[in-house]
Amino acid sequence: MKIIIFDDDPTGSQTVYGCPLLLNWDEKTLEKAFIKSSSLIFILSNTRSLSSVLAVKKTREICSSIKKFFLRQGYSKDDYFYISRGDSTLRGHGVLEPEILAEELGPFHATFHIPAFLEGGRTTENGIHYLNGIPVHNTDFGRDNIFGFSTSDLAKWIEAKSFGKIQSENILHIEIKQLDMAFNNEDDFKSLLRFLSKLENNISVVVDAKLPHHLEILARAIKEVSKEKRFLFRTAASFINSLSGLPTNPKNILDLVALKLKNNEFEYKPGLIMVGSHVKLATDQLEVLLKDNSCLGLEIPVSKLANIFTLEDFQKEILELEDILLSKIDDILDVKKVPVLYTTREEMKFSSYSKRMNFGLELAEFMAILVRKTSHKLGYIISKGGITTQLLLQTGLNFNQVDVEGQILPGLSIVKGNSDQYDLPIVTFPGNLGNEKTLLESFRLMESNA
């Protein structure tokens, strides 16, 4: 059974490989994806970069395309698993998107909330969601300017994010003890099956997970009852791997690094790093990276761009700034260093939420076009931040879909487009992943055997 994942940014395929990530959902693109042998199809909705109104519109638009495609091909929507893949630190439209999917692709007997991303230290225990042992609302992610929250109790979080539509006392909970027992004892596994078989009326279910076998035993049970029950999922990346049951990737890290492009002398071309994410972790990682003598930073002047975008006709000023930055990128490459493009680290203030979101998209598009204009000189790209990566793939490199090749580090995927024009391997790096040295580590990996 194929699993269709609505991914709210381009980094959700961070535990799998050998599957397509769709940046478009026209019939031709969908047909190509469904022909592939992979059980996984990721569709990049990129709704985390959108307001709630636009996120609803985008989700309905994708669902409409899928249903029309199914109708023309004679497929049934009941023959697929659907996952709304969201952030493991609870940012995004984590309750709204499953609600819209249920309206469009339901009815479902239950919606499971499984934000555990074990590879990144995100776990859930007793219904509380943690980041490296800290309740996630006490981290910088809980104080997010757009998607902030004040509780790590997932039932209370769902109630708050649904504006009281889903009451916490009506939310069910699958505990670690229950999953451990089901994993170790066949009778307890049958008890888990009975629990799943009784779910009705799209009830919300919070799932604990600390270790891979917690997700694996749940996935096994869900598959067993899937003939009689239809379930919807809002999950981070780890459960996708468990449900798909993928074997170990036959490509090792060296194989993935070797996807880098070579020049006419068969030498590896230089890389380029983009850092658009503004979470504190991304800034800390950038500071560590820039201490490495092999690379050289180039700041994108955010306030200057903001002023340019307010002009009625800003094309001349944008092209002038592009030329200046492209010349500086060439200068960095000429001295045999890797350019690190990064946006000014201070958060800008905007008069409204929608203006802030729109500027974020304009900024990411500017960076994407800048990189496109120098991409013929590059052997690989590391792109940090969901919006940054989405605009690079979709607008900068004009891909309809990319293929997920695998991970060079836990949660860091390499993707490749199948375009004749752009064959660059791109490391998709979530803004919230790793520790302060992870960006430097990924850079050194991509530079190894160069």
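Values reported hereafter were calculated over all heavy atoms of this structure, with side chains retained and with hydrogens, waters and symmetry mates removed.
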Handout entry: NZ/K68: more than 12 non-hydrogen atoms of other groups inside 6.0 Å
Key = no

Problem - Approximate separation, where rounding is to 0.5 Å, of I222 CD1 and L243 CG - result: 6.5 Å

Problem - Which residues share a salt bridge (charged side-chain N to carboxylate O under 4.0 Å, His left out) with R48, sequence neighbours left out - result: D8, D9, D87

Fill in the blank from the handout: Here the pair of heavy atoms bringing S13 nearest to V404 is OG-CG2, 3.5 Å

Handout entry: Atom of P430, atom of L412 and distance for their closest heavy-atom approach
Key = CD-CD2, 3.8 Å

Handout entry: Main-chain N/O of V136 paired to S152 side chain as donor or acceptor, under 3.5 Å
Key = yes

Practice task
Give every residue pair that meets the ring pair (Phe, Tyr, Trp, His ring centres under 6.0 Å) criterion with at least one member in residues 38-59, sequence neighbours excluded.
Solution key: none

Exercise for the section: Compute whether any side-chain donor of one residue and acceptor of the other, for E299 and T344, lie under 3.5 angstrom apart. Expected result: yes

Practice task
Report, as yes or no, whether the 6.0 Å neighbourhood of atom NZ on K223 holds more than 12 heavy atoms from other residues, nucleotides or ligands.
Solution key: yes

Problem - Atom pair CD1/CG of I387 and L363 - distance to nearest 0.5 Å - result: 9.5 Å

Problem - Residue pairs, two or more places apart or on separate chains, that pass salt bridge (Lys or Arg N to Asp or Glu O under 4.0 Å) and touch residues 160-172 - result: E99-K165

Handout entry: Any side-chain donor near an acceptor of the partner, T151 and H137, under 3.5 Å
Key = no

Problem - Non-hydrogen atoms of T388 and S277 that approach each other most closely - result: OG1-N, 4.3 Å

Handout entry: Nearest non-hydrogen partners of Q285 and L439, listed with the distance
Key = CB-CB, 3.8 Å

Practice task
Given salt bridge (Lys or Arg N to Asp or Glu O under 4.0 Å), test R194 with E228 step by step and report yes or no.
Solution key: CA-CA 12 Å; R194 287 193 294 273; E228 57 182 283; over 6 Å; no

Practice task
Evaluate the ring pair (Phe, Tyr, Trp, His ring centres under 6.0 Å) criterion for residues F69 and F34: first the C-alpha distance (whole Å), next the side-chain angles of each, then the deciding distance (0.1 Å), finally the verdict.
Solution key: CA-CA 11 Å; F69 172 73; F34 274 79; 5.2 Å; yes

Practice task
Mark yes or no for whether T59, through its side chain, and I100, through its backbone, hold a donor-acceptor pair below 3.5 Å.
Solution key: no

Exercise for the section: Scan residues 107-127 for pairs that pass salt bridge (Lys or Arg N to Asp or Glu O under 4.0 Å), counting only residues two or more places apart or in two chains. Expected result: E125-K210

Problem - Residue pair F108, F231: steps toward the ring pair (Phe, Tyr, Trp, His ring centres under 6.0 Å) verdict - result: CA-CA 5 Å; F108 297 100; F231 297 137; 8.9 Å; no

Handout entry: Test item: H109 side-chain N/O and L199 main-chain N/O as donor-acceptor pair under 3.5 Å
Key = no

Handout entry: Separation of S242 OG from I114 CD1 (nearest 0.5 Å)
Key = 8.5 Å

Problem - D7 side chain vs G12 backbone, donor-acceptor pair below 3.5 Å - result: yes

Problem - Pairwise distance CG(L289) to CG(D284) - rounded to 0.5 angstrom - result: 12.5 Å

Handout entry: Partners meeting side chain to side chain contact (heavy atoms under 4.5 Å, CB included) with S51 (sequence neighbours left out)
Key = V53, L54, Y353

Exercise for the section: Take L96 and T47 through the side-chain contact (heavy atoms from CB on, under 4.5 Å) test and state the conclusion after the steps. Expected result: CA-CA 11 Å; L96 178 62; T47 46; over 6 Å; no

Problem - Donor-acceptor contact present, side-chain Y82 to main-chain K77, <3.5 Å - result: yes

Practice task
Flag the pair M274 / L370 as yes when at least one side-chain heavy-atom distance between them is below 4.5 Å, and no otherwise.
Solution key: no

Handout entry: K229 atom NZ, over 12 foreign heavy atoms within 6.0 Å
Key = yes

Fill in the blank from the handout: OG (S88) and CZ (F141) are apart, to the nearest 0.5 Å, by 8.0 Å

Problem - Under 3.5 Å: donor-acceptor pair, side chain of D208, backbone of N126 - result: yes

Exercise for the section: Looking only at non-hydrogen atoms, find the nearest pair between G417 and D423 and report the distance. Expected result: O-OD1, 3.7 Å

Exercise for the section: Look only at the side chain of T395 and the backbone of L392, and say whether a donor-acceptor pair between them is shorter than 3.5 Å. Expected result: no

Practice task
Walk me through it: do F309 and F366 pass the test ring pair (Phe, Tyr, Trp, His ring centres under 6.0 Å)?
Solution key: CA-CA 11 Å; F309 287 140; F366 175 81; 7.2 Å; no

Completion exercise
Here the ring pair (Phe, Tyr, Trp, His ring centres under 6.0 Å) pairs for residues 201-229, sequence neighbours left out, are F183-H213

Completion exercise
So CG of L445 and CG of L440: to nearest 0.5 Å the spacing works out to 10.0 Å

Handout entry: Backbone N/O of D180 and side chain of N184: donor-acceptor pair under 3.5 Å
Key = yes

Practice task
Please step through side-chain contact (heavy atoms from CB on, under 4.5 Å) for the pair E97 and H93, ending with a clear verdict.
Solution key: CA-CA 6 Å; E97 287 183 47; H93 305 285; 3.5 Å; yes

Exercise for the section: Mark yes or no for whether S162, through its side chain, and I166, through its backbone, hold a donor-acceptor pair below 3.5 Å. Expected result: yes

Handout entry: Heavy-atom donor-acceptor pair, T374 side chain to V371 backbone, under 3.5 Å
Key = no

Handout entry: Short side-chain donor-acceptor distance under 3.5 Å, N435 and T438
Key = yes

Exercise for the section: Would you name the heavy atoms of Q407 and Q14 that are closest together and state the gap between them? Expected result: CG-O, 3.1 Å

